[in-house]
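Some notes on the structure that comes next.
Since this is a predicted model, take the numbers as computed values, not measurements.
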Amino acid sequence: MGFTWGVSTSAYQIEGGVAEGGRGLSIWDTFTHKNGLPTGDIACDHYHRYPEDVALLADLGVSAYRFSVAWPRIQPDGSGPANKDGIAFYDRLVDALLEKGIDPVLTLFHWDLPQALEDSGGWLNRDTAYRFAEYSGLVADALADRVRLWITLNEPFIHMTLGYATGEHAPGQALLFGALPAAHHQLLGHGLAVAELRARGAAAVAITNNYSPAWPQGDTEADQIAAATYHALHNRFFTDPLFGRDYPEIGLDPAVVHDGDLDIIAAPLDALGVNYYNPTGVRAPAGVAPLPFDLVPLDGYPKTDFGWPVIPDGLRELLGWLKQEYGEALPPIHVTESGCAYEGVDDPQRVTYLDGHIKAVRAAIEDGVDVRGYFVWSLLDNFEWAEGYSKRFGLVHVDFETQVRTPKTSYAWYRDLIRASR
Ligand code: BGC
């Protein structure tokens with residue numbers, strides 16, 4: 001099998017149709033409406049326009065498309081039997097992809113938790129892990145015969161941090177290190193879901209993590225320690241237990257981890273999904289601080305419209321680190337998100353960004369890392385969480401007034417690259 005070229009999206013960021021097909025409320029509906037923020041009520045209207053979006057994927061020539069299922073479409077209240085209309089939407093989408101020869105890569109959770117589960121504590125509540133496994137089984141009952149790669153969770157680190165530690169994302173809790181149980185319960189849910197997926201004959205199972213090399217900014221020992229602490233939190237906490245190790249000691253109350261949990265989390269995987277955007281600059285905190293590190297900008301690099309530094313070498317570094325750190329335990333890697341925010345339909349900066357990151361993947365492969373796929377984030381400009389519609393990550397421009405889709409310069413560039421590599 002050759003290298004997989006793909007693109008990624010997620011349900012709440014593109015679907016709209018939030019009150020259709022019996023969909024229940026998610027934490028993002030509640031969070032955006034309650035705080036008067038831009039919402040995903042319409043987003044890219046993909047719920048209605050998916051045939052046009054599948055045609056865009058086909059013209060692009062990708063061999064795989066990573067999308068997520070909205071849990072509240074399947075279980076409007078977070079538990080109980082599958083909502084037939086919700087299943088039917090993804091059934092149609094999967095068939096439309098297969099008709100064009102595109103492999104569906106399905107993420108089960110990309111942050112849109114049913115509000116009913118948040119009302120009982122969300123991911124801080126251990127029971128949510130069991131609810132997630134039940135939901136995963138329902139989706140697999142319907143689609144295991146056609147989905148090529150199953151991804152349980154998208155970026156449990158980011159969901160824990162922005163959703164439960166700082167409150168910038170739904171559900172908007174600001175518990176700092178008190179958020180760590182939300183990480184353990186997500187990982188437990190992942191492990192339980194793997195068993196449900198396997199029981200239904202899922203072709204291949206993975207998890208997608210966000211990774212960011214922690215670069216100390218300063219020469220003191222305290223800066224080195226701060227960077228190591230941040231690395232343990234961002235990268236190792238979500239990877240060590242997948243491959244049979246204990247959690248790094250960063251403050252998780254041991255009582256949260258029950259006997260047997262680590263065995264469940266360490267269920268063998270067919271692939272690891274890696275999302276990479278940039279390294280993180282870290283310094284020792286000054287004075288008495290609430291956290292054991294300060295995050296500081298990395299200067300001297302080009303920046304995206306998000307202000308994120310463009311550092312393709314960070315991707316090569318982190319792929320190399322994964323191989324070195326986890327060795328034989330590490331399954332093949334798919335880069336399941338890589339991309340950048342820039343304005344404009346003519347977007348040469350995005351071409352430069354993608355070119356650099358694809359070269360970094362090639363270099364990592366030459367270094368001996370088993371990387372099997374690269375997925376651009378994202379197909380469409382979309383609802384960029386706390387940033388609303390102000391940050392455009394798409395290969396395809398979306399006019400949010402008219403919903404007109406216009407392929408960008410980067411779309412043509414990626415299409416040509418895929419063709420040339422066949
Ligand atoms: C998330 C995407 C998001 C992207 C850009 C990733 O952390 O998985 O949903 O749009 O970053 O911020």
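- To the nearest 0.5 angstrom, E118 atom CD is 12.5 Å from L25 atom CG.
- The 12-atom threshold is not exceeded at CD1 of I42, counting heavy atoms of other residues, nucleotides or ligands nearer than 6.0 Å.
- Checked options V404, D347, D381; the residue passing with H397 is D381 (criterion: side chain to side chain contact (heavy atoms under 4.5 Å, CB included)).
- Classified by interplanar angle (parallel below 30°, tilted 30° to 60°, perpendicular above 60°), the ring pair F89/Y47 is tilted.
- A side chain to side chain contact (heavy atoms under 4.5 Å, CB included) with S68 is found for one member of E15, H110, Q13 and no other, namely H110.
- Using a 4.5 Å heavy-atom threshold, the side chains of Y247 and R236 count as separate.
- A donor atom on one side chain and an acceptor atom on the other are found under 3.5 Å apart for T30 and Q115.
- A side-chain donor from one of S26 and D29 sits under 3.5 Å from a side-chain acceptor of the other.
- No hydrogens or angles considered: a donor-acceptor pair under 3.5 Å links the side chains of T107 and R66.
- Heavy-atom contacts from other residues, nucleotides or ligands closer than 6.0 Å to NZ of K303 number more than 12.
- Ring geometry, F157 versus Y230: the interplanar angle exceeds 60°, so the pair is classed perpendicular (tilted spans 30 to 60°).
- Sorted by first and then second residue, the salt bridge (charged side-chain N to carboxylate O under 4.0 Å, His left out) pairs with a member in residues 172-193 form an empty list; sequence neighbours excluded.
- Evaluated for a side chain to side chain contact (heavy atoms under 4.5 Å, CB included) with P213, the options H234, E317, R316 yield exactly one hit, E317.
- Within the structure, salt bridge (charged side-chain N to carboxylate O under 4.0 Å, His left out) pairs that include any residue of residues 98-109 comprise D103-R148 (at least two apart or interchain).
- W413 contributes atom CH2, which lies 9.5 Å from atom CG of L395 (distance to the nearest 0.5 angstrom).
- Atom CG of residue L379 and atom CG of residue L56 lie 6.0 Å apart, to the nearest 0.5 angstrom.
- Between the side chains of S378 and S8, no donor-acceptor pair is found at a separation under 3.5 Å.
- In the model, H185 has no side-chain atom that pairs as donor or acceptor with a side-chain atom of D127 under 3.5 Å.
- Under the 30°/60° scheme for interplanar angles, the aromatic rings of F243 and Y326 are found to be tilted.
- Ring geometry for W385 versus Y12: interplanar angle under 30°, hence parallel rather than tilted (30 to 60°).
- Using modelled atom types, one finds no donor on one side chain facing an acceptor on the other under 3.5 Å when comparing E52 with H46.
- Between the side chains of Y411 and T406, no donor-acceptor pair of N or O atoms lies under 3.5 Å.
- Remark: the backbone N or O of V205 is paired with a side-chain donor or acceptor of D270 at under 3.5 angstrom.
- Side-chain contact of N125 with R131: a donor-acceptor pair under 3.5 Å is absent, judged by distance alone.
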**Test ring pair (Phe, Tyr, Trp, His ring centres under 6.0 Å) applied to F375 and W377, step by step** = CA-CA 6 Å; F375 291 68; W377 182 270; over 10 Å; no

**Request:** Test ring pair (Phe, Tyr, Trp, His ring centres under 6.0 Å) on Y374 and H334 and set out the steps.
**Result:** CA-CA 6 Å; Y374 180 87; H334 286 268; over 10 Å; no

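- Going from atom OG of S136 over to atom CD of E196 covers 7.5 Å, rounded to the nearest 0.5 Å.
- Using cut-offs of 30° and 60° for the angle between ring planes, the W308 and F306 rings count as parallel.
- For the residue pair T208 and N275, no side-chain donor N or O sits within less than 3.5 Å of a side-chain acceptor on the partner.
- Between Y65 and F67, the angle of the ring planes stays under 30°, which puts this pair in the parallel group of the 30/60° scheme.
- For D261 and H258, the side-chain atoms include no donor-acceptor pair closer than 3.5 Å.
- In Q224, the CD atom is crowded: over 12 heavy atoms of neighbouring residues, nucleotides or ligands sit closer than 6.0 Å.
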